[in-house]
Amino acid sequence: MTDASAPLVVGDTSQRSDDDLLAGLNPPQLEAVTYRGQALLIVAGAGSGKTSVLTRRIASLLRAREAWPSQILAITFTNKAAGEMRERVGQLVGEASRGMWISTFHSACVRILRREAQQFGFTSAFTIYDSGDSRALLKRLVKEHEADAFGLTPAAVQGRISKLKNELADAESYARQANMSDPAERIFVEIFGDYQRALQRANAFDFDDLIAQTVYLFRAFPQVADVYRRRFRHILVDEYQDTNHAQYALIHELTRPPVGATPEPYADSGMMIFEAPKHDAIGAEAVGAALTVVGDSDQSIYAFRGADIRNISEFERDFPGAKVVLLEQNYRSTQNILSAANAVIGHNFDRKDKKLWTDSGAGEKIVGFTGYSQHDEAQFVADEIEVLHKKDVPYSEMAVFYRTNSQSRALEEIFIRSAVPYKIMGGTKFYERAEIKDALAYLVAIANPVDEMAIRRILNKPKRGIGDVTETAIARYAEENEMSFRDALANPSAMGFGPKIQKALLHLDEVLVEASALMLPATGELAPPTAVAEGLTLLLNKSGYLDALRASRDPQDEARLENVDELVAVTREFARNNPEGTIIDFLTEVALVAAADDLDDTSGSVSLMTMHTAKGLEYDSVFLTGVEEDLIPHRISANEPGGPSEERRLFYVGVTRARKRLYLSLAMTRAQFGEVTVAMPSRFLQEIPAELIEWRQSPGDVNSRGGMQSRALNARKPGSWGGRRSENPPALAPRSTSLDKFPNRVPAKVRDNGEMELASGDRIRHDDFGEGHVDAVTGEGAKRVAHVRFEAVGAKKLLIKIAPIEKL
DNA sequence: CGAGCGCCGTTTTTT
DNA sequence: ACGGCGCTCG
């Protein structure tokens, strides 16, 4: 650990006034940087300079010697954001920034767990299972329990387990309150328990465990928790609106005052605890860490994975005496973009009204475009990108967003044809490719030999003639003899296999042994930085994996070979950046990369990504594509309580990423499941004042002209609409132009419930809030208000005439 | 045990 | 439209 080993900047730096830190801040920003107290909530609208405020706040704590670097824990949403923050703090305070913990929730928890794993039955070499890994494990368990007969698919089970873990429910606690007379429920409980035991046996945590188990650890071992409570005196959490319950609990545990009585200068795990600077009171042991959270409830877009908006809306209740600072001035976007964003988000009720503003002028109008097909739309985007590029907008300052990953395909096709350089962030991620997972499984097999999943994965890759029967036999032998799968595999002669299989297994064992010797140095010895790269190369060569790919005549295997080479290059790069990095460090880094953590962002390409991935990023020019009903808002969200509101926030996030130019595009038809369907413009377009948008081609244009000529080169593929039909698809038949002209037409159902009668005791359903029970009705005529208790979201007051409700 | 074929479900978002 | 998975046959 390098924690705090670097000295604070000395001499004039610390004496110097904070002018440079505070320069150019507006009053609320200033307050956010300089406020000192136990709890601070910074409500930071999009583009309000929150990163700058956070970094300056940290810098000012360090400069004033109110905290040592090692006493600061800053949680960001992505590793990339963490890196940027570290760099920016470094620019302000130099070397003093070393030793801070700036990382994501998951990275911070891994760090803690690696240190403390042996406290509760794991080793520090534990594996991190990504969703694919846990899916594979669950698949086996679901099969074993024949649970599919009860409608329990691996995906469904995985979803439920994830949700439960985010709520800090474990298998036992859930079992206690489950309805065990329901057979499906009983089997689910069994699978959950088996799953957890399998993880434990494999010395592995899944993503959700990383958080939840850290919380358990702190609760079960208060003296361990105390180590971290004493250590971190300032905790800062970004994107607080997207924290889930487990993360919230973790923060709570960390900000609690230490309970133990004996502060030791050196804690058990060898971590150094520094005494507080003497002129300050923060060393008082009874006080919990100061907490700063930054968030914007309008940008909460992760409810589907357990983010609980109440964490931020009830912050003041959770932390009495908390200070709240509002940052509303936007420094990113033009007023036109902000006005559009404000208008859209204003349609969400149940939100504190908050309006972004800027003093930098209206800027260009938002450009709208309606393509005939998704390819047509993509061609518009590609053409426009070229126009911008000729105007000296670098490709790296342009981004294309979409709601679902599958939409990227059409864009890619057209971009390739149009020679637009692009990179896709996230998507089918590099690390999810089969060949990469294979290669990583070899590494896991070295680092964590009890991880049976990893060994099973590589058992027959490349093909060694080892099939299901052999695999099961090894597993049974291992179980009978109470040894690990890895050890069983090492003496195949005991299992009565044929000579061919014995030879194959022995060879695999030899390769693994040899690689272990290379990559896992004896205790005390330091492995050379190149160990991971060399070990991986050795594994892939001697196992025959590369040979098999090379020998294959499947054209895709060539690409796979390149990908594996790329992974080897990644290990070399890792060695350069982390001279002391071990195989475990490498696997950790790889397991926790996020979609937005792109490796090279100086690549001079246009970025393509989902709107979710776009959160926290900003670009000069942004293309928001597929702005259609059933896409954004997504069809599936329509029936979920709070779904439509969350979709609106997602759209809002997309819009507010743009600094100067925003393009909103859609297609009139979209191919889905191989079928062409008619798309309707998104309701969110309606919510933007018409004068803000300049339509290059409005939905009305496309309709009334009876089909545009497709500009997409490949729109004439046989089987798609172009070839056969000379007439227009019937659904797009021309209509009268004037009334059709966009804004005022599309799905705009102005809501009017008329004289809907509601009385206390009625049950209603609300588009966003779900079902609820009417407690009372007050007011008269058009202003009658229903007081409703919703099952999902609690009590709300609704204007009966216009609320999106129906009586049940 | 492995290759080939046909069927099915897929597309919401992610650490 | 496509890929993944399971089934069947060699």
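All chains are named by letter (A, B, ...) in the order of the sequence lines, taking the proteins before the strands, and each is independently numbered beginning at 1.
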Does [X] put a side-chain nitrogen or oxygen below 4.0 Å from OP1 or OP2 of [N]?
{"X": "His634(A)", "N": "dT12(B)", "result": "yes"}
{"X": "Thr78(A)", "N": "dT15(B)", "result": "no"}
{"X": "Asn244(A)", "N": "dT15(B)", "result": "no"}
{"X": "Asn166(A)", "N": "dT15(B)", "result": "no"}

With a non-hydrogen cut-off below 4.0 angstrom, is [X] in contact with a base, only sugar-phosphate, or nothing?
{"X": "Asp130(A)", "answer": "nothing"}
{"X": "Lys500(A)", "answer": "nothing"}
{"X": "Arg670(A)", "answer": "nothing"}
{"X": "Thr610(A)", "answer": "sugar-phosphate"}
{"X": "Tyr302(A)", "answer": "sugar-phosphate"}
{"X": "Ile636(A)", "answer": "base"}

Among dT14(B), dC2(C), dC5(C), which nucleotide sits nearest the side chain of Arg409(A)? dC2(C)

Choosing from dT14(B), dT11(B), dC1(B), which nucleotide comes nearest the side chain of Thr470(A)? dC1(B)

Applying side-chain hydrogen bond (donor to acceptor under 3.5 Å, both in side chains), run through Ser134(A) and Asp206(A) and close with a yes or a no. CA-CA 7 Å; Ser134(A) 50; Asp206(A) 67 20; 5.2 Å; no

Using heavy-atom distances to pick each residue's nearest nucleotide on DNA chain B, tell me which of Arg464(A) and Ser131(A) is more 5'. Arg464(A)

Can you check side-chain hydrogen bond (donor to acceptor under 3.5 Å, both in side chains) on Asp242(A) and Gln247(A), steps first, answer last? CA-CA 9 Å; Asp242(A) 281 323; Gln247(A) 293 166 334; over 6 Å; no

Tell me the interatomic distance from [X], atom [atom1], to [N], atom [atom2], rounded to whole angstroms.
{"X": "Met611(A)", "N": "dT11(B)", "atom1": "CE", "atom2": "P", "result": "18 Å"}
{"X": "Asn405(A)", "N": "dT10(B)", "atom1": "CG", "atom2": "P", "result": "16 Å"}
{"X": "Ile161(A)", "N": "dT14(B)", "atom1": "CD1", "atom2": "P", "result": "21 Å"}
{"X": "Asp209(A)", "N": "dT15(B)", "atom1": "CG", "atom2": "P", "result": "17 Å"}
{"X": "Arg135(A)", "N": "dG4(C)", "atom1": "CZ", "atom2": "P", "result": "13 Å"}
{"X": "Arg649(A)", "N": "dT12(B)", "atom1": "CZ", "atom2": "C1'", "result": "15 Å"}

Glu116(A) and Tyr228(A): side-chain hydrogen bond (donor to acceptor under 3.5 Å, both in side chains), yes or no, with the steps? CA-CA 11 Å; Glu116(A) 316 290 347; Tyr228(A) 297 89; 2.7 Å; yes

Between Phe304(A) and dT12(B), do the rings stack, that is, sit under 5.5 Å apart with planes less than 30° off each other? no

According to the interplanar angle, ranging from 0 to 90°, do the rings of Tyr302(A) and His612(A) count as parallel (below 30°), tilted (30 to 60°) or perpendicular (above 60°)? tilted

Can you find a heavy atom in the side chain of Arg403(A) that is under 4.5 Å from one in the side chain of Glu647(A)? yes

